[in-house]
Structures are given as structure tokens and as C-alpha cells.
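All ligand and atom numbering here is 1-based and tracks the order in the structure. Start at 1 with the first residue, then count along the sequence. Only a predicted model underlies this, so the values are computations on that prediction, with no experimental measurement involved. Quick note: numbers below take in every heavy atom, side chains included, and nothing from hydrogens, waters or symmetry partners.
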Amino acid sequence: MRSTSPSSRDSFTSKFGVIAAAAGSAVGLGNIWKFPYEVGQNGGGAFLVFYFFFIITIGLPIMISEFVIGRRTNANAVRAFKKLSPGRPWYFTGVMGVAAAFMILSFYGVVAGWTLEYIYQALVNSFKGMSPAELSEGFNVFLSNPVRPIIWQVLFMILTAIVVIGGIKNGIEKLTKVLMPVLLLIIIIMGVRSLTLGTNIDASGEIIGRSVDGLKFLFQPDFSKVDTDVILDALGQAFFSLSLGMGTIITYGSYIRKDNNLNRTAVQVAFLDTLIALLAGIAIFPAVFYFNVAPTEGPGLVFTVLPSIFQKMVGGYFWTLAFFLLLAVAALTSSISLLEVAVAYFAEELKINRVKATIITTIMITSLGVLCSLSNNVLSQVQLFGRDIFASMEYLSSNVMLPLGGFLIALFTGWAIKRSDFYAELSNEGTYKLKMFNALYFIIRFIAPFAIGLVFLYSVGLLG
Ligand code: TRP
């Protein structure tokens, strides 16, 4: 607990703790599950170009804005806006963020539950000797079971709630510090194995697939594949992966000490997050092409492809188990950041105690998640806007609410906060010089909102 803080709010102890926690939030299923399947569905390289572009021109400036808003106010995602702009409706951005947290965590908990199932399957060695087709079949059988995925989802949500109740610095820092570097290492090793798979030839001498084609898919942009969906998906993915647009970084920013260099923290987190997504892509796509799996398979992609890579590795049993364990932990350090947004809001605004707030929110989110899970089997016919419940939650939150939240956050930072206040907070009251401040400020005021607006208009068909 900070002695300088007048309130009893928790805070991160060390500089590394801040980066670890924010990186722990950013790095998760978004990098290893969502990123590869989005790349696969959106034609590969061209999607990647837009994704990178959005990370730098929109993601990074908005991450800095969120950090500043959070630390300046030392408040939850709703009150932060009220404090900086009293009596104005900006706080609506925070309310929408809390709603987005509910929606994201509902399907996020489901996918995280799948990772628990895979830890279990890895433990009992059931992937051994299975062909890619059998692995894919196995995944579909699991998904079509109405009960089993829900049991794992509920278990995962309980774990999330326990960590959130445990408090910020105890819960998050320790976990991330140790496990993030290990995850990075395993992904690199997987990448090496995937890249060296070579050419897959069947018994009759026919070529099934080649791993180099995966690299080409990822790095040779084919702009003829770009349509409105590709661009909006890339924007949504940039927000989702960096945990932006809904107050996670505002809330975490409120726990950051005044002497932390927010600029540098944001750059480091964005860099690490993008690196891990890219490495996950390098691990997955060569294998996708080698085993001749359809890159467009969707949310099941990594669950069917990754065990195939491990089968080709010495010590495959160990690698599979270690990987899914770490993936579950990475999911946990992200899910707690989602739950924290809702809990901080309910606990502080509705004045209920934190434990109660955590339990109530977890139950509500998990219930919504049960519907998401059931949409893979018994509720598959229930459609909203042509998508099942799971896909609607995912689409509406990542592609609509997060970019909209980001749009409002950029406008808020650029126009509602005083420039001198923004500068003071970002430079730690003038402690260090901000060389690129003018450029950053210009991007936040004009470029970021304009670009997001453009993508929106384009994707609803208003720009041809
Ligand atoms: N970024 C996380 C991931 O990639 C998910 C996440 C955590 C998130 N907090 C968020 C996404 C806030 C959007 C907004 O797995």
C-alpha cells in the first residue's frame, strides 16, 4: 500500500511491476488465439500491414492517453472522466467500457476454459499420435458437448475472481514476472520447429503442404484480399490485443506510481504485445500450411494446429503441457484486468465491498459466458445480426465498442483535458523532456479520431 496515497487504493510496487501487469493484461488469448485466426480469416499479410499501422498510429497514442487519464485521477474508469470533466457526459465512455468488459470477459472466459481442457488432455497424453484431422475432430466433439466446456469456463472464472479479490500487487505482479519470459521462450522454440517442418509428403509421394507457404501467407501482403471487413477486423484486433478502449489501461494507470515513465511503459507494453502476436503467427502458419489445415478455420485454429507441432518435437508431452499451462496463465493475467474494471467501478461507485462486488460481477459475467458457450452447441441457432451469441459478443465488443471507446478517449484527451495538464502528467510534472510531444498531441487530437471515424464509415459502406 502506498503511504503517499490518501486513499486505501492498492498500487504497483516496482517499475517492473507496472510493465509486468500491463503487459500481463495485453498479452493473452488475443495474441495466441485471436490474432492467428483473424490473420487466417483475413487473408494473411495485408491484414498484418493494417494491424501494424493501427498499433502505431492509433493504439500507442491511445494507450498513453489511458495511462494519463488513470494516473492523473487515481480513479476507476468512470469516475476518472467525471473528475477531469465534471458535469459533462464524457463519463459515458467509462460506462460503455464497463459494459464492454462484461461482454469481452463472457466469451474470453469460455476460450480460457478451452485452454484448461487442453491442459487436462495434455496431462493424460491424449494428443499422442493423433493426426491433424483427428485433432480437429476432437476439438469439435469437445465443443459440441454442452456441459464440459462450461465446467472449465466456470472454473476459470472462479480463478479470476480469486486473484482479483487477492488485490492488485499480490495477485498480478508475481505471476506475470516469472511466467511471461517463459511463455516467450516456448513460443520462440515452437516457431523454430514450425519453420523447419519443411515439405510434407504422403506415402504416394504427393506434396501435402510446405511450411514456407505459411511464411509467405503471413509476410507477403496480397492487397487484393483487402475489403472493409479486413480493415475493421485489424482495427478491432489492435484494440483488443493492447487492452484498449474500455478503461483497462485507465484502471491500471490509476494504480501506477507518480515516478513511472508512462511513455516508456506504453512503448514497451505495445512492443512486447505485438512481438508475441507476431511470434505466435510465425509458430502457427508454417504448421497450418505444412499440415494443410484451412487458415480460415476460425476460433478453433490454434487448438487444432498447435498440438500437431508438439507431436513433431522431442519431448512433445512436456511442451504441450507447458504451453497450455502458460497460455492459461496468460489468459488469467488478462481476464483479471477485465474483471478489475468492472469491480473497481461497482465497489467504488456503488460503495459495496470489493469481495462482494467481485462475486456479484463474476456471477453475472459467467452467466453471460454460459450463453456464449452454449452457442457452440444447443444454442447455435440463436442468431443476432447473422452471428451466433459467441461471435456477436466478440464482434460487437472488439469491432464496435472498443474502437468507439478509443475514439472518445482520443477526443477526450485531445479536447477536454487541458494541454498543460496532459503534458504535466505525461512528463511527471516536467521531470523529463518529451521530445515528440507535439506530434503525439497532434495524433491524439486529429489523426486517431479521424482514422477511427474513417474505418467506421468505410465499414458501414458510407465511403464506397
Ligand atoms: N488484451 C488481452 C488479450 O489479448 C485481452 C484483454 C484484457 C482486453 N483486457 C482487455 C481486451 C481490455 C480489450 C480490452 O488477450
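Among the atoms of Gly30, some N or O lies under 3.5 angstrom from an N or O of ligand 1. Where the criterion is an N or O separation shorter than 3.5 Å, residue side chain and backbone included, Ala26 meets it with respect to ligand 1. Considering both main-chain and side-chain atoms, Leu29 comes within under 3.5 Å of ligand 1 through a nitrogen or oxygen pair. Considering both main-chain and side-chain atoms, Phe240 comes within under 3.5 Å of ligand 1 through a nitrogen or oxygen pair.
By the 4.5 Å heavy-atom criterion applied to side chains, Leu215 and Phe289 are not counted as neighbours.
For Phe310 and Phe127, the ring centers sit 6.0 Å or farther from each other. Taking the six-membered ring for Trp and the full ring otherwise, Trp33 and Tyr108 have centroids separated by 6.0 Å or more. Aromatic pair Phe240/Phe35: centroids not less than 6.0 angstrom apart.
Side-chain N/O atoms of Glu340 and Tyr255 include a donor and acceptor closer than 3.5 Å. Between the side chains of Ser335 and Thr160, at least one donor N or O sits under 3.5 Å from an acceptor N or O.
Taking a 4.0 Å cut-off on heavy atoms, Tyr108 registers as neighbouring ligand 1.
Under 4.0 Å from ligand 1, the heavy atoms of Leu402 that appear belong solely to its side chain. Both the backbone and the side chain of Ser334 come within 4.0 Å of ligand 1, judged by heavy-atom distances. Counting heavy atoms closer than 4.0 Å to ligand 1, residue Ile104 contributes side-chain atoms (C-beta onward) but none from N, CA, C or O.
Residue Ser337 approaches ligand 1 through these ligand atoms, each under 4.0 Å from one of its heavy atoms: 7 (C), 9 (N). Within the listing of ligand 1, atoms 1 (N), 4 (O) sit less than 4.0 angstrom from a heavy atom of Ser241. Close approach to Met246 involves these atoms of ligand 1, each under 4.0 Å from a residue heavy atom: 12 (C), 14 (C).
Among all protein heavy atoms, the one lying closest to atom 12 (C) of ligand 1 is Thr248 OG1, 3.3 Å. Atom 8 (C) of ligand 1 has Ser243 OG, 3.6 Å as its closest protein atom, hydrogens excluded (heavy atom only). The closest protein non-hydrogen atom to atom 2 (C) of ligand 1 is Ser25 O, 3.1 Å.
Shortest non-hydrogen contact noted between Trp152 and Gly113 is CB-O, 3.3 Å.
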